[in-house]
Structures are given as structure tokens and as C-alpha cells.
Protein chains: 2
Amino acid sequence: MDATRWLDEREDRAWRGYRRMRRLLDLELARELTQDAGLSEADYDVLSDLSETPQGRLRLRELADRMLWSRSRLSHHLTRMQQRGLVTREECADDARGSIVVLTPAGRQAIQSAAPGHVAAVRRHLIDLLTPAEVDALGALTHRVVDHLGGRTPHPRHDPEA
Amino acid sequence: MDATRWLDEREDRAWRGYRRMRRLLDLELARELTQDAGLSEADYDVLSDLSETPQGRLRLRELADRMLWSRSRLSHHLTRMQQRGLVTREECADDARGSIVVLTPAGRQAIQSAAPGHVAAVRRHLIDLLTPAEVDALGALTHRVVDHLGGRTPHPRHDPEA
DNA sequence: AAGATTTCGTTGACATGTCATCGAACTTAC
DNA sequence: GTAAGTTCGATGACATGTCAACGAAATCTT
């Protein structure tokens with residue numbers, strides 16, 4: 001009904017800048033990661049989330065939720081990573097349907113050697129370019145947007161209305 | 001050599017928030033766009049860039065550069081969009097190798113009816129959640145990162161070292 | 001405890017993106 | 001002019017992501 005509220009100049013600048021940064025940063029980080037560590041960003045994220053758990057083990061469902069991936073996507077990707085020896089699957093004791101994704105020694109090795117370079121790249125191309133105030137603003141703003149989109153960070157689990 | 005400078009708590013919060021926002025915002029905007037207008041984000045971006053030119057025409061190369069897409073990707077995508085009647089290709093007069101991407105009436109219709117809803121979604125899920133200061137900060141910060149990554153906005157063209 | 005419903009993970013078909021390669025046409029240097 | 005090198009866009013093979021469906025197992029309902 002109402003006339004569309006188009007983006008004004010500042011809003012447009014922020015929106016275009018965001019999308020452009022998004023694309024360029026992605027390309028660059030992926031490029032360095034592949035070159036330096038032979039991993040894709042997807043690989044890195046899987047290994048990273050796994051390695052943040054004490055045992056390097058997670059239910060497939062749990063890992064998919066944390067990554068905001070579909071189970072299907074994760075299952076396909078794990079099959080490929082498994083063939084490269086980075087992870088394995090184990091049966092779940094509590095739930096016979098389930099499978100547990102396990103970091104192999106090679107997988108742990110891979111993430112450990114990739115991490116320093118990747119963090120350095122994130123600093124070089126993003127974090128170190130920002131003032132402390134901008135870092136805080138980015139943290140605040142992104143989390144607000146995530147909350148608005150219903151992003152319960154780790155486990156949605158039950159209690160959808162609390 | 002040096003010990004890795006890991007991200008401190010604030011930096012980590014910003015980085016994780018950014019990536020999470022990125023993913024959730026993408027999913028939501030794509031979902032609404034598909035539902036309301038039958039377009040993917042890729043479709044929308046192609047149509048949007050084309051419609052911003054006076055004639056709704058662009059050299060394939062030029063369009064690929066603006067979008068930060070490879071010519072290959074764009075060529076594949078245009079083939080699909082062409083089959084749906086959203087764009088056509090014409091021969092280029094100046095350069096017999098070239099092809100010119102042209103918005104069809106159906107394509108113009110599609111972007112015109114999709115745009116208000118899409119802008120509203122961008123506002124609802126991002127822009128309107130930010131304070132004016134945050135909008136400006138996001139604009140400033142993203143453009144700084146883009147510049148750092150060598151993102152000459154429209155045409156890289158010659159003069160790589162100036 | 002049986003039946004209905006939901007969840008888990010896998011699978012196959014298909015959509016999309018990347019990469020290497022190609023022929024044609026443009027540009028440059030002689 | 002022409003040979004060498006570059007750019008343009010298309011293409012096919014392949015990697016990756018999405019979607020719908022499935023069987024098996026868990027959970028809920030009565």
C-alpha cells in the first residue's frame with residue numbers, strides 16, 4: 001500500500017558495502033585457506049567446531065545445528081571429508097539412529113596447522129582494520145540481527161516459546 | 001615464528017556474529033525472495049544491476065565485473081535466466097567476440113515487482129535494527145575492508161599499480 | 001502395547017558454482 | 001601486414017548445495 005521506503009544514501013552505502021565486503025572477504029579467505037592448508041572454508045568450519053568440543057566428537061545433528069547447515073548438506077560433506085581421512089563416523093550408543101562425527105588425528109592435525117594462518121588472515125583483512133569501537137559495534141549489531149532472526153545460538157532444542 | 005595473536009573476546013564476538021548474521025540473513029532474504037517473487041538472490045542481483053543502467057543493457061564482462069562473478073558463472077546463469085525469459089543476449093557491435101546482456105520486458109517487470117518487498121525485507125531484518133550511527137559505522141568499516149582487499153568498485157580496468 | 005507422529009541420518013536427482021579449455025577476435029610489437 | 005600474446009564468452013567435467021523421499025528408530029497418544 002504505502003510507498004516503498006527506499007534506502008537513503010547512507011543506508012545504501014552500508015548495504016552495498018556489506019555485500020561487497022562479504023564477497024571479497026570470502027574469496028580471499030577461501031583462497032588463502034586452500035593455498036596454505038588445503039582446506040575449504042566448509043572443511044575448516046567443520047573441523048573447527050569439532051575441535052572445540054573436549055573429545056572432538058559431536059552428534060551429526062548437533063554439529064549441523066551449530067553450523068546452521070542442513071543435515072543433508074553435512075552428511076554429504078562428511079562423506080567427502082571421511083574419504084580424505086579428516087573425520088570418521090561412529091554409532092551412537094544412546095540413539096541407534098544417530099551417528100557421531102569424530103575428529104581423526106589427521107583432522108586434528110589439519111585444523112591445528114591451519115588455524116594460526118587463518119586467524120592471521122582474518123586479522124589482516126578485517127579485524128585489524130577496525131578501531132576497537134568498530135569491533136564492539138560490529139559485535140553488537142550482528143548479534144542483534146541474529147537474535148532478531150531467531151538465531152538461538154547453539155541449541156534450538158525444545159522450549160520454542162520461552 | 002611469533003605466537004599466534006588469537007582473537008580476544010570482543011574480536012571473537014564480532015567475527016562469530018558476523019558469520020552467523022551472514023548466514024541467517026542470507027537464508028531469510030533468499031527465502032522471502034523466492035516465495036514472494038520467484039527469484040533467487042543471484043537472479044535479483046543480475047536484474048538489479050541491469051536495471052540500474054539507462055538501457056537495461058550491459059556487456060557480459062562489465063556485468064560480471066560489477067557483480068564480482070566470473071564470466072563463466074555469469075554465462076551459465078544467464079543461460080538459465082534466458083530460458084525463463086528474463087534476459088536475452090545480443091551481439092556487440094564494437095567487439096565481435098562480445099555479447100550484450102539485455103533486460104527483457106518480463107525481466108524488468110520481475111525486478112520492479114520484486115524490489116519493494118526485497119528492500120522492505122532488508123530494512124526489517126537489518127537496516128531498521130541499527131541506529132543511524134551503526135549504519136554509518138557499517139558503511140565506513142565495510143568500505144575500508146573492501147578498499148583494503150583491492151576492491152576498486154566498478155571497473156578494475158588497466159592501471160593495476162596506481 | 002499398538003498405532004500414529006516425529007526425528008535422525010542417508011540417498012539420489014537435480015540446481016548451482018568452479019575450473020580448465022577452447023575458438024574467435026582484438027591488440028601489440030615488430 | 002602478420003605473428004605473438006591477450007581478452008571475450010561458451011562449454012563440459014566436476015565439486016558442491018538443495019530438495020524430497022526414505023527406512024529405521026525414538027516418542028507420543030490412547
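Keep in mind that the numbers below use all heavy atoms, side chains included, and drop hydrogens, waters and symmetry copies. Treat the numbers as computed from the prediction; the structure is a model and nothing was measured. Letters A, B, ... mirror the listed sequences (proteins, then strands); counts begin at 1.
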J.: What is the distance from CD1 of B:I100 to C1' of D:dC8, rounded to the nearest Å?
T.: 13 Å
J.: Nucleotides 10-17 of chain D: which of its N/O atoms have a protein N/O under 3.5 Å away?
T.:
{"from": "D:dA10", "atom 1": "OP1", "to": "B:R89", "atom 2": "NH1", "distance (Å)": "2.8"}
{"from": "D:dA10", "atom 1": "OP2", "to": "B:S75", "atom 2": "OG", "distance (Å)": "2.7"}
{"from": "D:dA10", "atom 1": "OP2", "to": "B:R89", "atom 2": "NH1", "distance (Å)": "2.8"}
{"from": "D:dT11", "atom 1": "O4", "to": "B:S72", "atom 2": "OG", "distance (Å)": "3.0"}
{"from": "D:dG12", "atom 1": "O6", "to": "B:H76", "atom 2": "NE2", "distance (Å)": "2.9"}
{"from": "D:dG17", "atom 1": "OP1", "to": "A:R73", "atom 2": "NH2", "distance (Å)": "2.7"}
{"from": "D:dG17", "atom 1": "OP2", "to": "A:R80", "atom 2": "NH2", "distance (Å)": "3.4"}

J.: Write down the distance between CZ (B:R59) and P (C:dC26), rounded to a whole number of angstrom.
T.: 10 Å
J.: Using 4.0 Å as the upper bound for N to carboxylate O, is an ion pair formed by B:R22 and B:D26?
T.: no
J.: Rounded to the nearest angstrom, tell me the gap between atom CZ in A:R97 and atom P in D:dA25.
T.: 10 Å
J.: May I have the distance from A:L63 (atom CG) to C:dT10 (atom C1'), rounded to whole angstrom?
T.: 16 Å
J.: Over its full length, what angle do the end axes of the helix from C:dA1-D:dT30 to C:dC30-D:dG1 make, each axis taken from five pairs and the result rounded to 10 degrees?
T.: 30°
J.: Check whether A:Y18 and A:L129 end up in the same hydrophobic cluster, where Ile, Leu, Val, Met, Phe, Trp and Tyr are linked by side-chain heavy atoms less than 4.5 Å apart.
T.: yes
J.: How about A:S40 and A:D43: does a side-chain donor come under 3.5 Å of a side-chain acceptor?
T.: yes
J.: Expressed in angstrom and rounded to an integer, what is the separation of B:L27 atom CG from D:dT18 atom C1'?
T.: 11 Å
J.: For A:D95 and C:dT6, what is the distance between atoms CG and P respectively, to the nearest whole Å?
T.: 17 Å
J.: Rounding to a whole Å, what distance do you find between A:R31:CZ and C:dC19:C1'?
T.: 16 Å
J.: Answer with yes or no whether the side chains of B:R89 and B:T79 bring together a donor and an acceptor at under 3.5 Å.
T.: yes
J.: State plainly whether one hydrophobic cluster holds both A:M67 and A:L58, where clusters connect Ile, Leu, Val, Met, Phe, Trp and Tyr through side-chain heavy atoms under 4.5 angstrom apart.
T.: yes
J.: Sequence neighbours excluded, which residues qualify as ring pair (Phe, Tyr, Trp, His ring centres under 6.0 Å) partners of B:H118?
T.: B:Y44
J.: Are a donor atom and an acceptor atom from the side chains of B:Q35 and B:R31 found within less than 3.5 Å of each other?
T.: yes
J.: What do you reckon, is CZ of A:R10 surrounded by more than 12 foreign heavy atoms closer than 6.0 Å?
T.: no
J.: To the nearest angstrom, how far is A:D94 atom CG from C:dC8 atom P?
T.: 13 Å
J.: Any idea how B:H148 and A:H125 line up, ring-wise: parallel (<30°), tilted (30 to 60°), or perpendicular (>60°)?
T.: tilted
